[in-house]
Amino acid sequence: MTGIEELLSSRIRDVADYPEPGVMFKDITPLLADPAAFGALTDALADIAVSTEATKIVGLEARGFILGAPVAVRAGLGFIPVRKAGKLPGATLSQAYDLEYGSAEIEVHAEDLSAGDRVLVVDDVLATGGTAEASLRLIRRAGAEVAGVAVLMELGFLGGRGRLESALAGAPLQALLTI
């Protein structure tokens with residue numbers, strides 16, 4: 001493990017049986033409360049944004065907002081929130097996607113992304129990949145290019161990376177931690 005991996009891992013708390021029995025929830029609030037760890041995370045994700053030549057950061061509701069906004073500021077880029085359906089005023093583009101039990105929909109303001117934008121998606125966790133995959137489709141439908149996906153942690157056992165492979169179309173998926 002590298003120094004940053006050790007720092008970040010040491011600030012993520014396991015919460016057993018949350019939100020339901022049998023689930024080990026990875027709580028990032030201790031990491032966010034530690035300015036050194038949060039700063040190191042922000043720097044690492046901003047470095048990814050720069051290396052992918054992103055021009056904008058998309059943060060996925062809700063923890064992707066917490067991580068993506070400071071990354072955008074640190075990298076000198078614009079920040080675009082991707083929200084659950086019905087949360088944004090004005091004209092939006094939406095993308096439906098399937099969940100394990102049911103479906104969901106995300107939206108972005110139609111005018112926030114356009115041709116010429118290279119967009120890095122930032123989120124806290126890559127689990128099954130459904131939301132990330134929908135965001136990539138939404139970015140392309142808006143006319144922008146996908147620069148990649150960057151996450152704090154990837155839950156490798158849930159197979160999200162495999163699900164995203166075709167949607168990434170060669171763009172990188174970078175996880176600072178893999179669990």
Side-chain angles (χ1 to χ4, degrees), residues 1-52 54 56-85 87-88 97 99-101 104 106-108 119-136 139 147-164 168 171-179:
M1 227 185 240
T2 66
I4 189 165
E5 289 171 333
E6 286 181 25
L7 174 62
L8 298 176
S9 293
S10 73
R11 303 304 190 276
I12 297 171
R13 179 174 61 128
D14 286 343
V15 180
D17 299 319
Y18 182 82
E20 58 186 58
V23 173
M24 181 64 71
F25 184 79
K26 300 294 185 183
D27 180 15
I28 68 167
T29 58
L31 187 156
L32 300 174
D34 179 329
F38 193 15
L41 171 59
T42 300
D43 288 344
L45 293 172
D47 288 347
I48 293 170
V50 170
S51 73
T52 61
K56 292 199 176 149
I57 301 293
V58 153
L60 304 180
E61 188 166 343
R63 289 179 298 270
F65 297 175
I66 296 168
L67 303 184
V71 167
V73 169
R74 185 76 43 94
L77 306 174
F79 175 76
I80 311 298
V82 168
R83 307 260 350 237
K84 294 174 184 167
K87 301 287 186 179
L88 292 171
Y97 62 102
L99 299 168
E100 189 174 351
Y101 302 103
I106 55 174
E107 294 180 332
V108 66
V119 182
L120 179 69
V121 175
V122 172
D123 206 2
D124 65 329
V125 175
L126 175 65
T128 62
T131 307
E133 181 183 32
S135 73
L136 299 178
I139 289 163
V149 174
V151 295
L152 165 58
M153 67 184 126
E154 176 182 353
L155 305 180
F157 60 92
L158 292 176
R161 183 175 289 269
R163 179 177 183 167
L164 282 183
L168 282 164
L173 165 59
Q174 297 182 61
L176 299 178
L177 302 171
T178 302
I179 298 168

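Since the structure is predicted, the reported quantities are computational estimates derived from the model, not experimental observations. Sequence positions, counted from 1, serve as the residue numbers for this chain.
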Side-chain contact, heavy-atom cut-off 4.5 Å: Leu177 with Leu152? yes
Looking at every heavy atom in both Ile4 and Ala44, which two are closest together, and how far apart are they? CD1-CB, 3.6 Å
Rounded at 0.5 Å granularity, tell me how far OG1 in Thr178 sits from CE in Met153. 11.0 Å
Go through the steps for Ile48 and Leu176 under the test side-chain contact (heavy atoms from CB on, under 4.5 Å), then give the verdict. CA-CA 10 Å; Ile48 293 170; Leu176 299 178; 4.1 Å; yes
Test Val71 against Leu77 for side-chain contact (heavy atoms from CB on, under 4.5 Å), laying out the working first. CA-CA 8 Å; Val71 167; Leu77 306 174; over 6 Å; no
Partners passing salt bridge (Lys or Arg N to Asp or Glu O under 4.0 Å) against Asp123 (at least two apart in sequence or in another chain): none
Taking only residues at least two apart or on different chains, which pairs with a member in residues 13-35 satisfy ring pair (Phe, Tyr, Trp, His ring centres under 6.0 Å)? Tyr18-Phe25
At their closest point, which heavy atom of Leu164 faces which heavy atom of Gly129, and how far apart are they? CD2-O, 3.7 Å
Contact summary for Ala40 and Leu7, nearest pair of heavy atoms: CB-CD2, 3.8 Å
Among residues two or more places apart or on two chains, list those pairs meeting salt bridge (charged side-chain N to carboxylate O under 4.0 Å, His left out) that have a residue in residues 28-37. Arg11-Asp34
Please find the pair of heavy atoms, one from Leu126 and one from Ala132, that lie closest to each other, and give the distance. CD1-CB, 4.3 Å
What pair of heavy atoms forms the shortest contact from Ala72 to Gly78, and how long is it? CB-O, 3.9 Å
Report yes if the side chains of Ile66 and Leu32 come closer than 4.5 Å at any heavy-atom pair, otherwise no. yes
Tell me the side chain to side chain donor-acceptor pair (under 3.5 Å) pairs involving residues 37-52, sequence neighbours left out? Asp43-Arg74
For Glu61, give me all partners under side-chain hydrogen bond (donor to acceptor under 3.5 Å, both in side chains), at least two apart in sequence or on another chain. Arg83
Gap between atom CD1 of Ile57 and atom CG of Leu67 - 0.5 Å precision: 11.0 Å
Test salt bridge (Lys or Arg N to Asp or Glu O under 4.0 Å) applied to Asp14 - qualifying residues, sequence neighbours left out: Lys26
Do the non-hydrogen side-chain atoms of Leu45 and Leu120 ever get within less than 4.5 Å of each other? no
Measure the OG1-CZ distance between Thr128 and Phe157 for me, rounded to the nearest 0.5 Å. 11.0 Å
Step-by-step side-chain contact (heavy atoms from CB on, under 4.5 Å) determination, Phe79 to Val122: CA-CA 10 Å; Phe79 175 76; Val122 172; over 6 Å; no
What's the spacing between Arg163 CZ and Leu158 CG if we round to 0.5 Å? 11.5 Å
Does the pair Ile80 and Val119 meet the rule for a side-chain contact (heavy atoms from CB on, under 4.5 Å), with working shown? CA-CA 9 Å; Ile80 311 298; Val119 182; over 6 Å; no
Can a donor-acceptor pair be found, under 3.5 Å and without considering hydrogens, that links the side chain of Ser9 to the backbone of Glu6? no
Could you tell me which non-hydrogen atom of Ser135 sits nearest to which non-hydrogen atom of Leu60, and how far apart they are? CB-CD2, 3.6 Å
